[in-house]
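All values below come from the heavy atoms of this structure, side chains included, with hydrogens, waters and symmetry mates left out. Order of the sequence lines fixes the chain letters, A, B, ..., with proteins taken first and strands second; residue numbering starts at 1 for each chain.
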Amino acid sequence: MSYDPQELEAEWRERWAESGRYEADPDGRDDEAGEARRASNRSSGDDEEPRDATFVTVPYPYPSGGMHIGHARTYTVPDVYARYRRQQGDNVLFPIGWHVTGTPIIGAVERLKKGEEEQLSVLRDTYNVPEDTLEELETPMGFARHFIENHYKQGMRQLGLSIDWRREFTTNDERYSKFITWQYETLKERGLLEKGLHPVNYCTNEEQPVTTHDLLEGEDAEYQEYTLIKFRASQRDAERASGDGTEPRAEDDGTIYPMATLRPETVRGVTNAYVDPDATYARAIVDGEEWIVSEEATEKFDLQARDVSVEETFEGAELVGEHVTNPVTGEEILIIPADFVDTDNATGVVMSVPAHSPDDWVALEEAKARADDLTEYGVDPDEVRAIEPRAILTIEGYGEFPARDAVEEHGVDSANDPALEEATQELYNREFHQGELIEEYGEFAGEVIEDVRDELKAHYQSQGAFDSMYDFAEEVVCRCGGDVEVSEQETWFLRYNDEAWSEKVLRAIENLDAIPETTREQYTHTVDWLEEWPCIRNYGLGTRLPWDDEFVIEPLSDSTIYMSYYTIAHRLEDVPPEAMDKDFFDTLFYGADAVDNPDERALELREEWDYWYPVDYRCSANDLISNHLTFFLYHHAELFEEEQWPQGITSMGMGLLEGEKMSSSKGHVVLPDEAIEEYGADTVRFFLLNSSEPWQDFDWRADEVGSTRDQLERFWNRAIDVIEAPEGERDLETIDRWLLAQLQETVRDVTDAMERFETRTASQHAFYRFEEHLKWYRRRADLDRPGSRWTLRTVLETRLRLLAPFIPFMANELHERLTGEPAEDVPWPEPVPEFEDRAVVAQESLVEDVLEDVRDIVDVTDTDPETIRLYVAADWKRDVLDTVIDVGPNQGQVMGEVMQNDELREKGDAVNQLVGDLVSFVRERDDETLATLSEIDERAVYEEAADFLAREFDADVEVYAEDGDPVDPDGKASQAQPFRPAIHLE
RNA sequence: GCGAGGGUAGCCAAGCGGUCAACGGCGGCGGACUCAAGAUCCGCUCCCGUAGGGGUUCGUGGGUUCGAUUCCCUCCCCUCGCACCA
């Protein structure tokens with residue numbers, strides 16, 4: 001009966017689907033499927049004891065594309081745990097749903113409808129969507145449905161995931177929306193939602209907010225908050241202007257020239273300003289003040305919720321030569337022209353801090369060099385040449401003007417030198433972390449920038465000297481071709497920085513089983529820096545904001561407590577959506593007393609919710625810790641009682657394909673159904689769970705998957721041999737007991753590992769490590785003996801149960817053939833005390849040691865011995881060992897003790913040497929091992945193994961006692977030490 | 001920069017104070033079986049070695065210890081997250 005995974009797996013899938021094997025209902029709430037199942041389930045069939053409810057979840061898939069092998073692991077990890085807990089006797093619920101909220105699916109559909117080549121290629125080539133099906137994908141839910149049904153669901157079924165399919169839903173379902181509506185109404189009522197302004201990426205062409213996915217250029221661009229330093233027009237210019245007849249720009253000192261910087265602390269180092277003389281600037285009334293900024297900037301301010309009216313526009317050249325006053329120092333500075341000014345960046349009026357900015361240093365040098373040319377703008381060249389850098393901080397390792405040092409050190413020779421960028425980066429960094437402000441900064445003097453920047457900024461902001469704006473550092477373009485700017489929009493926020501709320505979450509984190517443990521700190525850290533979260537969007541699939549249906553609740557905000565929805569999702573058919581109002585859910589989650597007139601149906605559902613909740617384990621991904629998983633904790637902490645808070649979260653690593661990141665757009669993915677077709681589902685599962693622990697990254701390498709498949713096939717063939725051989729009887733020899741002892745150890749190791757989600761360790765022990773034991777056993781034992789056959793059957797049965805969570809198809813099939821029942825229907829193994837035997841394990845390792853030593857000698861001497869003589873150490877040596885064990889591994893003390901004995905004293909140096917060796921021997925072993933060893937009759941062990949060794953080396957094997965007057969041609973016998981026999985080959 | 005994780009033999013990867021030249025897998029080499037190939041089984045796979053031995057190793061440089069791959073510190077390098085994106 002050869003291994004045919006396709007056929008075998010198809011049968012089991014069929015069987016599971018037909019019997020509703022994984023449909024889980026609360027004990028006591030029986031349906032027919034549950035009855036039938038329990039009747040066939042030995043572990044929980046007759047005894048009355050209720051099973052523990054275990055609830056495992058995994059983030060519902062987002063079907064904006066197909067499923068790949070990385071997803072396969074994500075969903076198989078909880079499946080393995082679910083299967084394990086079922087064998088442990090638990091009632092286990094593992095449900096799944098579909099997340100369609102937000103814009104990615106809509107975006108994908110749009111791109112498809114536009115006929116974008118890249119999108120078509122992903123659909124056609126990566127995900128094998130048939131040409132005539134493409135049309136069905138042209139609506140968002142049509143698109144989602146396709147991937148749900150043809151990819152995810154199919155992949156999950158093929159993998160053998162033990163999902164209760166009755167409970168699936170999408171987040172666009174009417175009833176689900178009712179549930180989310182309840183959630184947000186409740187949060188609003190509790191004051192955890194807040195309305196406010198928030199910066200978003202905004203397409204100026206489409207006139208709407210856009211997501212990262214919508215961007216053509218600048219996908220990685222992040223907007224920054226610039227500080228605006230509000231320089232004011234100087235009186236002097238007004239006078240001068242009226243004197244010489246040119247149009248005065250600054251009629252009075254109320255006109256403001258906002259200059260943007262990311263380093264507000266440099267305000268005291270500004271020596272001059274730059275404008276682009278050829279660009280267009282504007283005089284605008286901004287929030288009631290008169291501002292001079294670039295024309296582009298007026299649009300930005302308008303988008304950023306400021307009240308802007310442009311009074312007039314003019315050339316930048318008109319600003320050149322004017323003077324403005326520093327709002328902090330009161331100093332006047334000169335505006336000069338520069339071609340490097342980008343008017344589309346921030347305000348288009350640039351301040352210059354030559355002492356601390358290599359860019360500005362170089363620019364000033366160049367400005368001075370061409371000062372004479374500036375007369376054409378009416379600028380006095382001497383005034384330009386008189387501009388001196390002004391230092392505002394001190395930093396170790398630099399002179400008065402750090403920018404000059406940086407420029408010199410990096411050998412920057414012009415404004416276009418690439419080294420300038422490097423010099424700037426380095427200096428900005430160092431100044432930020434090490435620079436100390438000079439005395440003029442008063443309360444901030446002597447402080448390191450890093451510590452006071454925010455405070456300093458707030459200080460001047462409150463005085464009206466500073467303001468702020470958002471802008472990108474690079475150009476950002478929408479897929480529609482439109483310019484993307486930062487806009488401030490009215491939005492609703494979840495107040496994740498609310499102190500009382502955060503406190504509760506921190507408590508939830510404390511009590512959480514965070515796997516691996518190192519993630520706990522990441523949760524705490526996230527809670528610490530999390531601010532308000534804008535929880536709505538202007539468009540997308542999902543639930544409308546209950547009190548303003550212009551907005552949709554965004555994906556990370558409608559997926560925080562949906563695990564509770566699984567508990568009732570399959571029983572809502574008879575509840576009309578309109579009945580699912582606030583009272584309904586209050587009753588469901590808070591009980592009959594929570595409302596005046598509790599809905600009977602809700603009360604009934606409440607029992608099931610209560611039965612399954614809390615979530616025992618959520619298996620998720622590392623990169624979701626800082627948002628989804630923390631939000632999940634937030635909402636549970638607020639909306640549910642502490643007993644219903646999540647018990648555990650397992651964070652998973654990501655997947656690589658042949659050492660590289662997977663990418664569906666490049667077609668660099670492996671689809672589960674292709675992999676399953678090629679290798680079988682058991683192989684795919686086993687590879688995914690065995691090649692690394694869940695939280696580590698894994699690497700799908702085809703040749704290793706292939707070799708995993710070979711290993712499983714070999715396992716299958718051996719198992720079939722055992723199953724088909726006569727049963728044998730329990731008539732055990734030492735080597736059988738040795739194998740059974742190893743089996744108990746394995747059961748223990750595997751169980752411990754499973755409890756900690758260590759799927760790699762567990763499957764390694766159950767499979768590979770035990771294969772090593774079997775390898776040895778096959779060499780050592782006579783496999784035709786009835787006792788051996790009994791042993792091999794026992795071992796196989798236990799291992800199949802241990803492996804059933806990993807390779808359920810094969811393990812169930814083989815177990816059923818062996819015992820008449822599938823492995824999943826019998827209990828998880830426990831160590832059998834009768835077979836635990838440290839002594840037999842220790843003895844066997846002596847045999848392994850001797851085998852290895854003899855082989856070493858054979859190799860080194862390149863001989864083929866006819867006779868192998870083993871000499872077991874003399875009794876007195878054993879006595880010395882006992883002394884070392886008694887006294888402890890201390891050379892001096894042991895010698896003192898040993899020298900009391902006249903006989904030993906006579907042996908002199910030999911004893912000293914022996915004690916030295918035995919001291920390290922003892923030091924390297926724990927007490928239990930030593931105790932086990934001291935019970936062993938070493939000579940008997942070798943005598944029993946003599947036949948085996950003779951077979952291995954095709955030689956005669958003689959065992960002697962060193963002190964029994966042995967045949968000793970080369971005088972080797974005296975080399976014997978306890979547990980290390982002397983060896984002679986001839 | 002901040003937070004987290006990691007750097008182990010040709011590759012992947014375990015070990016996390018002594019039993020470690022370091023589990024296991026892949027690849028490579030040799031042998032058995034076979035007409036042959038595949039599969040399977042056995043052995044070898046840092047260097048040296050005609051007796052089970054010796055030498056040098058676990059990113060770098062220090063330190064703690066009788067003893068460190070394992071603990072502490074320095075530095076270098078890599079990966080992930082840092083938000084309104086699922």
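rC85(B) sits 27 Å from rA4(B) when the P atoms are compared, rounded to a whole Å. Rounded to whole Å, the separation between the P atoms of rG55(B) and rC11(B) comes to 26 Å. Annotation: rG17(B) and rC26(B) have their C1' atoms spaced 31 Å apart (nearest Å). Comparing rA21(B) with rG54(B), their P atoms are spaced 10 Å from each other, to the whole Å. rG31(B) and rA37(B) are spaced 12 Å apart, taking the P atom of each and rounding to whole Å. Using P as the reference atom, rU74(B) and rU79(B) are 22 Å apart when rounded to the nearest Å. Taking atom P in both rC72(B) and rG81(B), one finds a spacing of 27 Å when rounded to whole Å. Nucleotides rC33(B) and rA51(B) are separated by 30 Å at their P atoms, to the nearest Å.
If you check every strand for non-hydrogen atoms under 4.0 Å, Arg714(A) touches sugar and phosphate atoms only. Within the 4.0 angstrom heavy-atom criterion, no nucleotide atom of any strand lies near Trp695(A). Note on Pro555(A): only backbone sugar-phosphate atoms sit closer than 4.0 angstrom, heavy atoms only; bases stay farther off. The residue Asn622(A) sits apart from the nucleic acid: no heavy atom pair falls under 4.0 Å. At a threshold of 4.0 angstrom between heavy atoms, the contacts of His628(A) with the nucleic acid are absent. Contact annotation for Arg520(A): no contact, since no heavy-atom pair falls under 4.0 Å across all strands. Using a 4.0 Å heavy-atom criterion, one finds that Pro981(A) contacts the bases of the nucleic acid, with or without backbone contacts as well. Across all strands, Gln711(A) comes closer than 4.0 Å only to sugar-phosphate atoms, never to a base (heavy-atom distances). Using a 4.0 Å heavy-atom distance criterion, Leu985(A) is classed as a base contact.
A salt bridge does not link Glu771(A) to Lys775(A): none of the charged nitrogens lies less than 4.0 Å from a carboxylate oxygen. A salt bridge links Glu517(A) and Arg520(A); the closest N-O separation between the charged side-chain nitrogens and carboxylate oxygens is under 4.0 Å.
A straight line from OH of Tyr768(A) to C1' of rC26(B) spans 10 Å, rounded to a whole angstrom. Rounded to a whole Å, the CD atom of Glu848(A) is 11 Å from the P atom of rG43(B). Atom CG of Asp558(A) and atom C1' of rA86(B) are 11 Å apart (whole Å). Atom CG of Asp528(A) is separated from atom C1' of rG81(B) by 15 Å (rounded to the nearest Å). When rounded to the nearest whole Å, the span between CZ of Arg709(A) and C1' of rG25(B) equals 18 Å. Atom CZ in Arg925(A) sits about 21 Å away from atom P in rG67(B), given to the nearest Å. Whole-Å rounding puts the Asp623(A) CG to rG81(B) P distance at 6 Å. Put simply, CG on Asp703(A) is 15 Å from P on rG25(B), counting in whole angstrom units.
Counting only distance, with no hydrogens or angles, the side chain of Tyr184(A) and the backbone of Ser557(A) share a donor-acceptor pair below 3.5 Å. Counting only distance, with no hydrogens or angles, the side chain of Glu658(A) and the backbone of Ala702(A) share a donor-acceptor pair below 3.5 Å. Remark: the backbone N or O of Tyr496(A) is not paired with any side-chain donor or acceptor of Glu531(A) at under 3.5 angstrom.
Comparing atom distances between the Arg923(A) side chain and each of rU50(B), rG18(B), rA86(B) picks out rG18(B) as nearest. Minimum atom distance to the side chain of Met654(A) is reached by rC80(B), of the listed rC80(B), rG52(B), rA83(B).
Proximity of Trp533(A) to Glu554(A): side-chain heavy atoms (C-beta onward) are separated by under 4.5 Å at one or more points. Under the 4.5 Å side-chain criterion, counting only non-hydrogen atoms from C-beta, Trp716(A) is not in contact with Leu712(A). Proximity of Leu530(A) to Phe631(A): side-chain heavy atoms (C-beta onward) are separated by under 4.5 Å at one or more points. No side-chain heavy atom of Tyr942(A) sits under 4.5 Å from any side-chain heavy atom of Val957(A).
Near RNA chain B, meaning a heavy atom under 4.0 Å from it, residues 850-857 of chain A has Asp853(A), Arg855(A), Asp856(A), Ile857(A) in order of number.
For Phe806(A) and Phe767(A), the gap between ring centers reaches or exceeds 6.0 Å.
Summary of the strand contacts: Pro199(A) and Lys972(A) both lie near RNA chain B, and taking for each the nucleotide with the nearest heavy atom, the more 5' one is attributed to Lys972(A). Residue whose closest nucleotide on RNA chain B sits further toward the 5' end, between Asp710(A) and Leu556(A): Asp710(A).
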Report all interatomic pairs (protein N or O, nucleotide N or O of nucleotides 1-8 of chain B) with separations under 3.5 Å.
unit_1	atom_1	unit_2	atom_2	d
rA4(B)	OP1	Glu521(A)	OE2	2.6
rA4(B)	O2'	Gln522(A)	NE2	3.0

Anything under 3.5 Å between a protein N or O and an N or O of nucleotides 10-14 of chain B, put it in a table, one pair a line.
unit_1	atom_1	unit_2	atom_2	d
rA13(B)	O2'	Arg760(A)	NH2	3.2
rA14(B)	OP1	Gln696(A)	OE1	3.4
rA14(B)	OP1	Gln696(A)	NE2	2.8

Report each atom pair, protein N/O against N/O of nucleotides 69-71 of chain B, whose distance is under 3.5 angstrom.
none

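Across His773(A), Gln742(A), Arg780(A), a single residue satisfies side chain to side chain donor-acceptor pair (under 3.5 Å) together with Glu844(A), and that is Arg780(A).
Counting non-hydrogen atoms of other residues, nucleotides and ligands closer than 6.0 Å to CD of Glu852(A) gives a total of 12 or fewer. Environment of CG in Asp926(A): crowded, with over 12 heavy atoms of neighbouring residues, nucleotides or ligands closer than 6.0 Å. Counting non-hydrogen atoms of other residues, nucleotides and ligands closer than 6.0 Å to CD of Glu866(A) gives a total of 12 or fewer. Within 6.0 Å of CG on Asp954(A) lie no more than 12 heavy atoms contributed by other residues, nucleotides or ligands.
Between Ser707(A) and the phosphate of rC26(B), there is a side-chain N or O to OP1/OP2 separation shorter than 4.0 Å. At rG43(B), one or more side-chain N or O atoms of Arg779(A) fall inside 4.0 Å of OP1 or OP2 (strictly under the cut-off). In this structure, Arg718(A) does not reach the rA39(B) phosphate: none of its side-chain N or O atoms is under 4.0 Å from OP1 or OP2.
Thr708(A) is linked by a side-chain hydrogen bond (donor to acceptor under 3.5 Å, both in side chains) to nothing, counting only residues two or more places apart in sequence or in another chain.
Because its NZ or CZ atom is both nearer than 6.0 Å to the ring centre of Phe632(A) and within 45° of the ring axis, Arg618(A) counts as a cation-pi partner of that residue.
Between Tyr768(A) and Phe686(A), the ring-plane angle classifies as tilted under the 30° and 60° cut-offs. The aromatic rings of Tyr75(A) and Tyr152(A) sit perpendicular to each other, their planes meeting at more than 60°, with 30° as the lower class boundary.
Helical stems of RNA chain B (runs of at least 3 Watson-Crick or G-U pairs, donor-acceptor distances under 3.5 Å) are listed by first residue: B:1-7 with B:76-82, B:10-12 with B:24-26, B:27-32 with B:40-45, B:46-48 with B:53-55, B:61-63 with B:71-73.
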